[in-house]
Amino acid sequence: MIEDMDTAVLKSGSNLERVLSEGHFAVTVEIGPPMDSNGEIVLEKSRLLKGMADAFNITDNQTGVVRLSSIASSVLIMKEGLEPVMQMTCRDRNRLAIQSDILGAAALGIRNCLCIAGDHQSFGAAGKLKGHPGAKNVYDIDSIQLVAALKGMRDDGVQQGGDSLEKRPQLFIGAAWTPLGDPIEIRPLRLKKKVEAGADFIQTQGVFDIDRFREQMKVIVDMGLHERTAILAGIIVPKNLGMLKYMNSSVAGVSIPESLITRMEHVRSSAGDDKKKAREDQEEEGIKITVELIEHVREIPGVSGVHIQAIEWEHRVPEILKRAGLIPRPALHKGG
Amino acid sequence: MEEPSEAGQLYAPCVVACPVHTDTRQLAELISLGEYEQALELLLEANPFSSVCGRICHHPCEQNCRRAKVDAPVGLMRLKRFVVEATRDYRISRRKKLTPPHEKNAKIAVVGSGPSGLTAAYDLVKMGLPVTVFERSETPGGLLGHAIPRYRLPYSVVQEDIEDILSAGVQLRTGLVIGRDYSIDDLFEQGYRAVLLATGLSESRTLNIPGIDSRGILLALPFLKSVLSPKPPTMGKRVAVIGGGNVAIDVARSARRLGAERVNMVCLEAPEEMPAWKWEIEEAEDEGIFIMNSWGPKSVFSENGFVRGLELKKCTAVFDADGRFNPRFDDSDTATVSADNVIIAIGQRGDLTCVRGSSLELSPGEKLQCDPETLSTTRNGVFVCGELLIGPASSVEAVRDGHRAAKAIAHYVDSGDLLKQPFMELPALCELPDETAEKIKKQTPVTVELLSPELRLKAFSEVEQGFTEKEALAESKRCLACTTGALADEEKCAACLTCVRICPFGVATIEKTAIMPEEKCQACGLCAAECPAAAIALKRYGTNQMREQLQGVLSGMTPKKVPSPLIISYCCLFEVTSRGFIAEKAAEYRRSGVYSILVPCVARLSVPDILSPFELGADGLTIIGCTNGQCLYPTAEERLLRRIRQAKKVLVEVGVEGERIDYWKTEGSAEVSWTSFWEISRRKLLQINRGMMRHDSSREKTAQ
Amino acid sequence: MIVAERKPLSEIKSFIENYKKILIVGCGTCATVCLAGGESEVKVVASGMRIGFLKEDREVEILEDCITRQCEPEFVTPLVERVKNEGVEAVLSLGCGVGVNFLADKLESVPVFPGVNTEFFGAAIEPGVWVEMCAGCGNCILHLTGGICPIARCSKSILNGPCGGSQDGKCEISPDVDCGWNLIVERMKKMGTLHRLEEIVPPRDWSTSRHGGPRRVVHEELVTQPEAEATG
């Protein structure tokens, strides 16, 4: 819950900001853009998800794979009446391009920006994809420095280098957080740094281990950080056992409790040889699990919302959110 | 090998301990390499009496061998004997080649044909000075031929050494006694420029005790001489020998062989004080000789003029506080020993009849007045050497004296002056550190079986046989190759620490640049093989030796004559137990295209060493190491395998099949397994591109 | 130390195969220590080339040499002489990139080919294993991170690390790569200075690094002064 919320003192006036400032449990949903210039796909997804969330994240060359840019996709979804959360990584742009894009995004009406380091470009060459593992990465500034730069532009009217801005970008600043990442003892400190730098909201890496997440959140609450920033727990929708296992072993910061693995194993084996039934049952279980996770995190003090990631499964999101009781979303009077 | 050639250079202790500094370390190396003839040359260069010393030397080299700390000293004397026995034909053939240089106009007379006199004569003749040796008996050799019992030193062995000397042009005149048949003055009148007295200590000392004139009492040297005569003396049942030195032992053991049932040695010294060599004492006791320590002769008791026994008094101390021979007795503590014969072997002295007509002066105590540093006497042009000069000495010490005498005389003849030759000690490599000794692989010393005591007493046959070739190769392998280890060139060394990290004996260390302390280095060659700066060389077994050998092998072949496939095989030298095998089998295999090069431990092969055969046109390389678990050096095999992998990679990267390199480990014996390995490798190569690395129709195919 | 790795022999061969007389030069300093281009490697490469050319029946003369350092004129001059006197057509340098640059400079018209790929500034963490430790950024901040460089040893050169990709002490890009920030955290924990990481490190001035252009260091005291004008 963010205190001191008078519409006159809103930093960006974005829908997300206002939902949070009015004390609602916020929902953001991720939209993944295509690997080509087909804007229609983005528009389709937008239509599917309209009204399902308070704001929609558009990833920025996620996992080092070249996709339709976050800014462009944000503009597209705005056409359908959705509010975008633009994502900006440090991997592909130096501080000049970053600031330039921020100014452009603000000029185009984008109101939310998530600042992240970005996966290493080598990730782009995985599975069937060739990617661009030989690209020269930038990492001129890191995510924390980016948050600070953005805050400087918005609140102090200066570019990172010191030159002044007349019309400041009005952006709600977000940062990512991996509550259960290695080394775990440094994670609260890192969150603090992001908050100090100026992060208004946080979207976490996918949470599955509720107990451990709860413990970590206690630390955060003790530090008072939940009052200075809005923490949205990341919820990844699992499709099947394979996905759970893969995330557990190969995705940093995601840990799946044994109970969930066993639960999904049971569901799969119950279907016997019927592959179609196995697939459908697991998907159904996955949705069940997602809903439960949402319900659990809602109970945890310090959590202000959820950030739903349903990778290439956006069409099931409405159903999930309905079952979780998060639909309809608050319809707020749009500020100036 | 007299003076140190480089400041700070250290020598192997065996070399230092040898009175003539025979390079025994190199001896072991040459034997390992199969260079027996070269080994013989090495021996003879220092010691013309190598055959003799190979039998009877007291081997101070072995007593200082650093290997003793690991398991046992290397049997250097037996290795010497092996070389001499293995090169008999060569020795004879080389005699014909010995031609002394143009003669100088100054003839030298040497009186006495023992080891010191003959050595001096030999050296002088090689310098171009004509020498005549005067010997009073009918045969040369001095005590070597006239006293030392045949079970220790067959005369044929003595003859072997003396033949070399006489073939070189030394004139020998026998049957002439100085002081009786001619005098020193006579020699100068006959035109000799210098006279060398090398008459040794040819008289036995006697005792002045009551009853000494009884019958049946003999003196050691005449006794020993008569033992060697066609009619050896008969011994009574019980014999007493007075004395505790080597001559006394020789006397006692000869008496046993002549039928004495009970032989007692009576000596003043306690067991550990006895001057006789320990092994001689042991062999004597094995032959049933009883040693009565710490007794001195008091009187002889006889019956009818014949000796019946000795009365003895207890000797309480042999040496006084100053270490001088000054025996003290307790007359009240007596004993008797019965004897039918008593032989006195209490020491020798020089026969000074030579002094007659010589104007040589004697010193108080009836000894010749002479100077051990210049070898001169009180008369100009008269020199002394050998036991007459230095007192009781071993054969090798007599040889050394002979070398010194030749130098002194040559100098005198050239300049008219005396040459001072102070005794100089060569600096020896220090003791093997304990922590290094622990890491060295133990190898049981080759033991030679002695003839059983019962058989020994039957006659004067040799007590021990020499090494077989297999035994000699096994024993020479044990040599630690002191002072021939690794040396890092400080100009090239980058202090990269590779040698420090891989040395299996923990020897290499960095002091600005790499240092391999000589006292620890085992000359295994692993550091040299891995050094990225190619900065390390070994004084022993450089691999450039091998590269030269290789080039020699391959350059001798015209392209048409190159067999296909052509295989070079590096084989571990330490597995070979017979040179004959290498000569026969290798020649046979050369016809089928396999050329073997022996390397002492194939783990010293660097990657360039492994690649060079291919550079020079070989189609395949076969490396054969020691039997599993036999490699002398820890970690060596693993390192070699890694280098082989690297070399294979290089070949593959330039388009040549990596399978052209094979690595085998000897199984059973080299003689058995190597030939089969070569065949397997050959057959495999034929499968790859018909064996050849590159197509060359001019090359003839070897037999399939 | 500069760490380099020898290029594949097939690549090297393609550089030199059309020349008749080649000189392979090693370097006695870094290249030797990291086993890439010392005298021993020169022998190996020369051997490999000769074998490769022998197989193709090509006649190529390959000379070998090694100098203390390829980046000093005094050490290079004799080499230049040799190239001239012996009619060497091409030089293959097994020294680091600096050496190649330098040799090419001194040799002017004789082509110099690189025989190794120069990789990084690093050290051996165990015999035979070298890792990158320094990025040559021109403004060292190791006092802030317990002696572990975040620019060289973090894949993203993050100054306020670690990122969320750190897993079991390893970087997200590979299990063979240590997470530099994990190392920093562990180190500073041991030193009791972990709390210093709370401070936000601002965006870095990269102009002192290669990003600011090729760099230069001058020590006036050694620079050869032009002769002073003659006074009366």
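By convention in this document, chain letters (A, B, ...) are assigned in the order of the sequence lines, proteins followed by strands, and residues within each chain are numbered from 1.
- Across every non-hydrogen atom of C/Val45 and C/Ile24, the tightest pair is CG1-CD1, 3.9 Å.
- The 12-atom threshold is not exceeded at NZ of C/Lys84, counting heavy atoms of other residues, nucleotides or ligands nearer than 6.0 Å.
- Note: B/Tyr633 and B/Phe505 have perpendicular aromatic rings, judged against thresholds of 30 and 60 degrees for the angle between ring planes.
- In terms of modelled atom types and a separation under 3.5 Å, the side chain of B/Lys520 and the main chain of B/Ala508 share no donor-acceptor contact.
- In this structure, chain B has a heavy atom under 4.5 Å from the side chain of C/Arg6, while its backbone stays farther away.
- Within the 3.5 Å criterion, the main-chain N or O of C/Ile148 finds a donor-acceptor partner in the side chain of C/Thr145.
- Among the residues in residues 596-609 of chain B, those with a non-hydrogen atom closer than 4.5 angstrom to a non-hydrogen atom of chain C are B/Val607, B/Pro608.
- Within residues 528-538 of chain B, the residues that have a heavy atom under 4.5 Å from a heavy atom of chain C are B/Cys531, B/Pro532, B/Ala533, B/Ala534, listed by number.
- Counting heavy atoms of neighbouring residues, nucleotides and ligands inside a 6.0 Å radius, atom CD of C/Glu72 exceeds 12 of them.
- Around atom CD of B/Glu490, no more than 12 heavy atoms belonging to other residues, nucleotides or ligands sit under 6.0 Å away.
- For the pair C/Lys21 and C/Tyr19, the cation-pi test (distance below 6.0 Å, angle within 45°) is failed.
- A salt bridge links C/Lys13 with C/Glu56: the distance from a Lys NZ or Arg NE/NH1/NH2 to an Asp or Glu carboxylate oxygen falls below 4.0 Å.
- For CD of B/Glu435, the number of neighbouring non-hydrogen atoms (other residues, nucleotides, ligands) closer than 6.0 Å is greater than 12.
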